[in-house]
Amino acid sequence: MEKEIKLTPQQSLKLITEVINQTKENIKSHSFIFLLWGWTLATASILQFLLETKTDFKYYFLPFPILVAIALLLTVNYNRNKTSETHLNFFLKKLWMALAFGFIAIVFVSVYQKIEPFTYTLILAAIGTTVSGMVLKFKPLMFGGVCFLIASVCCVFITDEFKVLLHGFAIIVGYLIPGYILKNSKS
């Protein structure tokens, strides 16, 4: 049988304040991942567009696998070095891990079918970003998710050559802008 701990009103208030502050700090700490992946994917998109349209380099797609591999290693290292994990952190980590498998499958299928993956990867990004924004109660991420959905629909109406550029722009709006707002938030 567990012994009930009695707290004074001052101790209760201090405990509640500490839990709220920890939650606020945890929410703010999510900015690192959005900024890391935002810069990674925006850079890869712009580099691929430039290499494909302005050069004769036949491996114009290489910025994606190289930069994504580096970002993946940094993400794993970042998550490994976290000292504590809340239920919120656990959920978001599992959500994005599941979506990562979806991203890999979409890229594999797209390469096999010789189509650009951006329409479909933007849909997955929309799901992950919108859900992240909802659970963090952070509207800029929810807005970013909506922007990803709009960009995925726009991909249907533009040529393959410009899909990667639209992807890069969507990443800036969907990951980088909310990531910087989150990083600089007072909460």
Side-chain angles (χ1 to χ4, degrees), residues 16-49 63-64 67-68 70-72 74-79 81-103 106-107 117-158 162-187:
I16 291 168
T17 303
E18 287 173 1
V19 169
I20 290 171
N21 287 336
Q22 180 184 5
T23 301
K24 285 180 179 178
E25 191 58 38
N26 285 337
I27 290 171
K28 194 174 181 177
S29 71
H30 290 282
S31 66
F32 173 78
I33 295 296
F34 286 103
L35 293 174
L36 170 66
W37 283 97
W39 279 110
T40 298
L41 297 173
T43 301
S45 296
I46 293 166
L47 283 174
Q48 178 173 323
F49 176 77
F64 270 98
L67 293 176
V68 165
I70 293 168
L72 190 58
L74 291 171
T75 300
V76 168
N77 189 48
Y78 175 78
N79 284 323
N81 289 331
K82 280 192 170 183
T83 55
S84 65
E85 183 169 69
T86 64
H87 292 293
L88 180 67
N89 290 339
F90 178 81
F91 170 76
L92 289 173
K93 186 168 57 172
K94 298 303 180 188
L95 168 70
W96 285 101
M97 282 174 51
L99 289 172
F101 290 117
F103 282 112
I106 286 171
V107 170
F118 304 111
T119 304
Y120 309 106
T121 58
L122 285 168
I123 292 170
L124 279 186
I127 294 167
T129 306
T130 304
V131 171
S132 295
M134 290 160 89
V135 299
L136 292 170
K137 295 181 178 136
F138 191 67
K139 289 183 182 182
L141 279 175
M142 289 185 259
F143 176 77
V146 171
C147 289
F148 284 134
L149 278 179
I150 292 168
S152 70
V153 171
C154 291
C155 276
V156 174
F157 301 105
I158 63 176
F162 290 102
K163 286 179 183 179
V164 69
L165 198 56
L166 177 60
H167 179 264
F169 176 73
I171 293 294
I172 291 168
V173 174
Y175 284 166
L176 285 177
I177 292 172
Y180 278 112
I181 293 170
L182 187 57
K183 180 181 179 183
N184 296 314
S185 69
K186 291 181 181 171
S187 58

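No hydrogens, no waters, no symmetry mates; every other heavy atom, side chains included, goes into these values. Predicted, not measured: the structure shown is a model, and the values here were computed from it.
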Chemist: Taking all heavy atoms of Ala71 and all of Thr40, pick out the closest pair and write down the distance.
Modeler: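 Closest heavy-atom pair between Ala71 and Thr40: CB-OG1, 3.5 Å.
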
Chemist: What about the rings of Phe49 and Phe162, do their centers lie closer together than 6.0 Å?
Modeler: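 Between Phe49 and Phe162, the centre distance is under 6.0 Å.
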
Chemist: To the nearest 0.5 Å, how far apart are CZ in Phe101 and CG in Leu124?
Modeler: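 Separation between the atoms: 13.0 Å.
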
Chemist: Any idea which heavy atoms bring Gly128 and Leu99 closest together, and the distance?
Modeler: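 Taking Gly128 first and Leu99 second, the nearest heavy atoms are CA-CD1, 3.3 Å.
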
Chemist: Got a second to check how far Thr129's OG1 is from Phe138's CZ, nearest 0.5 Å?
Modeler: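 Atom-to-atom, Thr129:OG1 and Phe138:CZ are 12.0 Å apart.
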
Chemist: Write down the atom of Ala126, the atom of Leu149, and the distance for their closest heavy-atom approach.
Modeler: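 Closest pair (atom of Ala126, atom of Leu149, distance): CB-CG, 3.5 Å.
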
Chemist: Taking the side chain as every heavy atom from C-beta outward, state whether Leu182 and Pro140 have any pair of such atoms under 4.5 Å apart.
Modeler: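 They are not in contact (no side-chain heavy atoms under 4.5 Å apart), so the answer is no.
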
Chemist: Would you name the heavy atoms of Gly174 and Leu141 that are closest together and state the gap between them?
Modeler: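 The answer is O-CD2, 4.2 Å.
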
Chemist: What is the minimum heavy-atom distance between Ile158 and Lys163, and which atoms define it?
Modeler: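 Here Ile158 and Lys163 meet closest at O-CE, 3.4 Å.
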
Chemist: Between Phe148 and Thr130, is any pair of side-chain heavy atoms under 4.5 Å apart?
Modeler: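 Answer no - side chains too far apart.
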
Chemist: Locate the shortest heavy-atom distance separating Leu176 from Ala42; write the atom from each residue and the value.
Modeler: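 Of all heavy-atom pairs spanning Leu176 and Ala42, the closest is CD1-CB, 4.4 Å.
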
Chemist: Can you spot which of Ser45, Ser152, Cys155 makes a side-chain contact (heavy atoms from CB on, under 4.5 Å) with Leu166?
Modeler: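 Output: one option passes, namely Cys155.
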
Chemist: State the CZ-CD1 distance between Phe34 and Ile177, to the nearest 0.5 angstrom.
Modeler: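 Separation between the atoms: 14.0 Å.
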
Chemist: How many angstroms lie between atom CG of Leu35 and atom CH2 of Trp39, to the nearest 0.5 angstrom?
Modeler: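 If I round to the nearest 0.5 Å, the distance is 9.0 Å.
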
Chemist: Should Phe64 and Leu47 be marked as a side chain to side chain contact (heavy atoms under 4.5 Å, CB included) after you check the CA-CA gap, both sets of side-chain angles, and the distance that decides it?
Modeler: CA-CA 9 Å; Phe64 270 98; Leu47 283 174; over 6 Å; no

Chemist: Find the distance between CH2 (Trp37) and CD1 (Ile171) and round it off to the nearest 0.5 Å.
Modeler: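 Rounded to the nearest 0.5 Å, the CH2-CD1 separation comes to 10.0 Å.
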
Chemist: For atom CZ of Phe169, decide whether the heavy atoms of other residues, nucleotides or ligands shown that lie under 6.0 angstrom number more than 12.
Modeler: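 At most 12 heavy atoms, drawn from other residues, nucleotides or ligands, come within 6.0 Å of this atom.
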
Chemist: So do Phe143 and Val173 actually touch side chain to side chain, heavy atoms under 4.5 Å?
Modeler: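 Val173 vs Phe143: side chains touch.
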
Chemist: Determine whether Leu136 and Leu92 make a side-chain contact, defined as any pair of heavy atoms from C-beta on separated by less than 4.5 Å.
Modeler: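 Sidechains of Leu92 and Leu136: in contact.
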
Chemist: State, yes or no, whether a side-chain contact exists between Val68 and Phe103 at a heavy-atom distance under 4.5 Å.
Modeler: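 In short, these two side chains do not touch, never coming nearer than 4.5 Å.
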
Chemist: Once you round to the nearest 0.5 Å, how far does CD1 of Ile46 lie from CG of Leu41?
Modeler: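 Taking CD1 in Ile46 and CG in Leu41, the distance rounds to 11.0 Å.
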
Chemist: Kindly indicate whether the side chain of Phe91, heavy atoms from C-beta on, has any atom under 4.5 Å from the side chain of Val131.
Modeler: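 Answer yes - side chains close enough.
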
Chemist: How are the rings of Trp96 and Tyr175 set relative to one another: parallel (under 30°), tilted (30 to 60°) or perpendicular (over 60°)?
Modeler: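 Perpendicular: the ring planes of Trp96 and Tyr175 meet at over 60°.
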
Chemist: Are Leu36 and Thr75 packed together at the side-chain level, in the sense that at least one heavy-atom pair is separated by less than 4.5 angstrom?
Modeler: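 Yes, close enough: below the 4.5 Å cut-off.
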
